[in-house]
*Asks:* 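Sharing a structure, written as structure tokens. Questions coming.
The figures that follow rest on heavy atoms only: side chains count, while hydrogens, waters and symmetry mates do not.
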Amino acid sequence: MKREEKLSLLQRCIRWREANIKEKQFILILSFLVGIFTAIAALFLKFLIHQIQNFLTDNFNATSANYLYLVYPVIGIFLAGWFVRNIVKDDISHGVTKILYAISRRQGRIKRHNIWSSTIASAITIGFGGSVGAEAPIVLTGSAIGSNLGSVFKMEHRTLMLLVGCGAAGAIAGIFKAPIAGLVFTLEVLMIDLTMSSLLPLLISAVTAATVSYITTGTEAMFKFNLDQAFELERIPYVILLGIFCGLISLYFTRAMNSIEGVFGKLKNPYQKLAFGGVMLSVLIFLFPPLYGEGYDTINLLLNGTSAAEWDTVMNNSMFYGYSNLLQVYLMLIILLKVFASSATNGGGGCGGIFAPSLYLGCIAGFVFSHFSNDLAFSAYLPEKNFALMGMAGVMSGVMHAPLTGVFLIAELTGGYDLFLPLMIVSVSSYLTIIAFEPHSIYSMRLAKRGQLLTHHKDKAVLTLMKMENVVEKDFVVVHPEMDLGELVKAIATSHRNVFPVTDKKTGELLGIVLLDDIRNIMFRQELYHRFTVNKLMTSAPAKIFDTDGMEQVMQTFDDTKAWNLPVVDEEGRYQGFVSKSKIFNSYRQVLVHFSED
């Protein structure tokens, strides 16, 4: 009885809202709520991570190796993996990719457990030393909040997609205190269309989330940065070179991560993954303690350090302590090995994203680039802290294929607005470098391979939103190869189509097609009815469409074959129906009208 009362109360609220509040105004209210809830979730996640890290590492000795680094990360990914397998019972990895998939194929619907599951799993993973970031999990959490809040009030799918974007914008704004970066990330990475109806809700969520963070944690930027030396125009060539260097590091990070994930994907047993990932991660963290957790302490050190003595503290807690002459080598090894630590964390069962690894790698890359140049006296002095800041924007822009996000995020993260021009130069240079090798970001390449990626290209976006099951036609009369011409004519009499699929009677496998035009000259000659069989009359189809093909691939097949009708089969080759170019065109027009409505 109570359940029925709750449902009826919700229904009454929905009806009252529909009668008294216009939909556009209600979307603004929802976006405000999304901003508050995502900021609270972001603050809670950061609190959990810091509490766990402080509890585990407070008593570590800075002057020698700490063997607990071999234990903590394995415990973390074991607990996170157990939590996901036994409590969540769903895959929660690749958070931003899941959001892109929800926008592209599921019309903005994200499962309810993502509101809390990513937060808990990533807090355990990172708190125990997993070498990943908390930002992608909190972006998935924010998007899930937006999606499910919209679902509660029965909003249509276009509004759900917008609320998913609001959740992502609020999450970035809340965790980084970066409202502009939250907005730009949603437009640039999640491909939410920029219209007046979408801009205001996104802004409200981002500003609300950032305001909540300001109120609770203060107005200081996340990373303290003081500009000691103003940018000089004569350094522009070196800024461009830094951008190219960051682009190459981004390419290495992207391809290496995909390769390592492929190795983990071949391991079916979760305990094999745990053993492989745990050993790799714990050994790397033991040798290079800066790989422990998000790495933000290292970023703060490189952005604020002013002397060799301060920079050398990056080697604290390790076997390299005291070997200041090895700092450059130490940092370059971290650049090479960070991708292995991040991949081992997620592959072994942990949960985390690549925001923090991108910032971390970029900061070290910028520092190494400038420090190396200064040591060899290639040019006028390059301020290490300035170039460390620029490197953060460069690697983030390259890995995410999002130069605007890189620029605004780093400027807001550090308050480094005085370096806005070099930040833009590095970001663009890095993006142009990686785009020459990788057309898609690390987030979108998995969906792009399957033809499921929504983009700002409206034609491709509409094709992506179209579903195969909506265009397959199944009213074709099926014939079999052993049937004679007489039986075929009877089948023709019951059909209004001029194409007849020929299938194996036992397996349903598509063997060919019979075209009415090919047999028109003999179909009325009764003396031939028992002489010819379908096996002799059928021809091969110009091409076959698989029921898993994306609509863009289907249209490419039509263009290649010049056909108007093509058969659809499953992975075993069993006949499913036909798809016609005219049916696709009709569906395309309907989706385009719906997609373009403001």
*Asks:* So do Val132 and Ile354 actually touch side chain to side chain, heavy atoms under 4.5 Å?
*Replies:*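 Side-chain contact under 4.5 Å: no.
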
*Asks:* How are the rings of Phe153 and Phe26 set to each other: parallel, tilted or perpendicular (split at 30° and 60°)?
*Replies:* perpendicular

*Asks:* Main chain of Gly350, side chain of Thr125: is a donor-acceptor contact present, judged purely on distance under 3.5 Å?
*Replies:* no

*Asks:* Taking all non-hydrogen atoms of both residues, which atom of Ser117 and which atom of Asn114 are closest, and how far apart?
*Replies:* OG-CA, 3.5 Å

*Asks:* Could you walk me through whether His480 and Asp504 pass the side-chain hydrogen bond (donor to acceptor under 3.5 Å, both in side chains) test, one step at a time?
*Replies:* CA-CA 6 Å; His480 306 292; Asp504 184 279; over 6 Å; no

*Asks:* Between the main-chain N or O of Asp559 and the side-chain N or O of Lys562, is there a donor-acceptor pair closer than 3.5 Å?
*Replies:* yes

*Asks:* Indicate yes or no for a side-chain donor-acceptor contact from Thr38 to the backbone of Gly35 under 3.5 Å, with no hydrogens or angles considered.
*Replies:* yes

*Asks:* Any chance you could measure Ile513, atom CD1, to Leu566, atom CG, to the nearest 0.5 Å?
*Replies:* 8.5 Å

*Asks:* For the residue pair Leu274 and Ile77, establish whether any side-chain heavy-atom pair is separated by less than 4.5 Å.
*Replies:* yes

*Asks:* Near Glu572 CD, under 6.0 Å, is it more than 12 heavy atoms from other residues, nucleotides or ligands?
*Replies:* yes

*Asks:* Run the side chain to side chain contact (heavy atoms under 4.5 Å, CB included) check on Val569 and Arg574 step by step: do they pass?
*Replies:* CA-CA 5 Å; Val569 297; Arg574 293 188 293 263; over 6 Å; no

*Asks:* Does the structure place the NZ or CZ of Lys474 under 6.0 Å from the centre of the six-membered ring of Phe578, at an angle of no more than 45° from the ring's axis?
*Replies:*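 No - Lys474 does not lie over the ring of Phe578 by the 6.0 Å and 45° rule.
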
*Asks:* Walk me through whether Leu28 and Ile204 qualify under side chain to side chain contact (heavy atoms under 4.5 Å, CB included).
*Replies:* CA-CA 7 Å; Leu28 299 183; Ile204 289 174; 3.7 Å; yes

*Asks:* Which word best sums up how the rings of Phe176 and Phe355 line up, parallel for under 30°, tilted for 30 to 60°, or perpendicular for over 60°?
*Replies:* tilted

*Asks:* Please confirm whether the backbone N or O of Cys246 pairs with a side-chain atom of Ser250, one donor and one acceptor, at under 3.5 Å?
*Replies:*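 At least one qualifying donor-acceptor pair exists.
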
*Asks:* To the nearest 0.5 Å, what is the distance between CZ on Phe500 and CG on Asp518?
*Replies:* 11.5 Å

*Asks:* Please say whether more than 12 non-hydrogen atoms of neighbouring residues, nucleotides or ligands are located less than 6.0 Å from CZ in Arg85.
*Replies:* yes

*Asks:* Where the side chain of Tyr431 meets the backbone of Ala402, is there a donor-acceptor pair that is under 3.5 Å apart?
*Replies:*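 No; judged by distance alone, with no hydrogens or angles, the pair does not exist.
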
*Asks:* Which heavy atom of Thr119 sits nearest to which heavy atom of Ser122, and what is that distance?
*Replies:*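 Heavy atoms of Thr119 and Ser122 come nearest at O-OG, 3.2 Å.
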
*Asks:* Testing the basics here: between Pro357 and Gly353, what is the closest heavy-atom pair and its distance to 0.1 Å?
*Replies:* CD-O, 3.4 Å

*Asks:* Return yes if a side-chain donor-acceptor contact under 3.5 Å exists between Glu473 and Ser580, otherwise no.
*Replies:*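 Their side chains do contain a donor-acceptor pair, which is all the 3.5 Å distance test asks for.
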
*Asks:* Side chains of Glu509 and Tyr575, heavy atoms from C-beta outward: is any pair under 4.5 Å?
*Replies:*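 No. Closest side-chain heavy atoms not under 4.5 Å.
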
*Asks:* If you define the side chain from C-beta out and look only at heavy atoms, does anything of Phe408 sit under 4.5 Å from Phe185?
*Replies:* no

*Asks:* Given the rule in the side chain to side chain contact (heavy atoms under 4.5 Å, CB included) test, do Glu482 and Asn535 qualify, once you have shown the distances and angles that lead to the verdict?
*Replies:* CA-CA 6 Å; Glu482 61 274 9; Asn535 189 47; over 6 Å; no

*Asks:* When you measure from the side chain of Glu261 to the backbone N and O of Gly347, does any donor-acceptor pair fall under 3.5 Å?
*Replies:*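 Looks like no, no N/O pair under 3.5 Å.
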
*Asks:* If you look at every heavy atom in Val477 and Ala491, which pair is closest and at what distance?
*Replies:* CG1-CB, 3.9 Å

*Asks:* Using modelled atom types and a 3.5 Å cut-off, is there a donor and acceptor pairing between side-chain atoms of Thr561 and backbone atoms of Thr557?
*Replies:*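 Judged by distance alone, yes, a pair lies under 3.5 Å.
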
*Asks:* Does the Thr433 side chain pair with the main chain of Gly247, one donor and one acceptor, at a distance under 3.5 Å?
*Replies:* no

*Asks:* First locate atom OG of Ser397, then atom CE of Met424, and finally report the distance between them rounded to the nearest 0.5 Å.
*Replies:*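 Reported to 0.5 Å precision, the distance equals 11.0 Å.
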
*Asks:* Which value, rounded to the nearest 0.5 Å, describes the distance between Thr533 atom OG1 and Asp484 atom CG?
*Replies:* 8.0 Å

*Asks:* Would you mind reporting whether Leu187 and Leu202 have side-chain heavy atoms less than 4.5 Å apart?
*Replies:* yes

*Asks:* Evaluate whether atom CZ of Arg255 has more than 12 neighbouring non-hydrogen atoms of other residues, nucleotides or ligands under 6.0 angstrom away.
*Replies:*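 Yes, enclosed.
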
*Asks:* Shortest non-hydrogen contact from Ser131 to Ser342?
*Replies:* O-OG, 2.7 Å

*Asks:* Hey, does Ser205 have a side-chain heavy atom less than 4.5 Å from the side chain of Ser31?
*Replies:*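 Contact flag for Ser31/Ser205 side chains = yes.
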
*Asks:* Compare all side-chain heavy atoms of Val395 with those of Phe253 and state whether any distance is below 4.5 angstrom.
*Replies:* no

*Asks:* Might you work through the side chain to side chain contact (heavy atoms under 4.5 Å, CB included) test for Leu516 and Val499, ending with a clear yes or no?
*Replies:* CA-CA 6 Å; Leu516 184 60; Val499 182; over 6 Å; no

*Asks:* Do Leu409 and Met396 touch side chain to side chain, with heavy atoms closer than 4.5 Å?
*Replies:* yes

*Asks:* At what distance, to the nearest 0.5 angstrom, does OG of Ser441 lie from CD of Glu188?
*Replies:* 10.0 Å

*Asks:* State whether the side chain of Asn148 and the backbone N or O of Ile110 hold a donor-acceptor pair below 3.5 Å, judged by distance alone.
*Replies:* yes

*Asks:* Identify the heavy atoms of Leu423 and Ala393 that sit nearest to each other, and give their distance.
*Replies:*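 Closest approach of Leu423 to Ala393: CD2-CB, 3.7 Å.
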
*Asks:* For the atom pair CE (Met400) and CD1 (Ile434), what is the distance rounded to the nearest 0.5 Å?
*Replies:*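 Reported value, rounded in 0.5 Å steps: 11.5 Å.
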
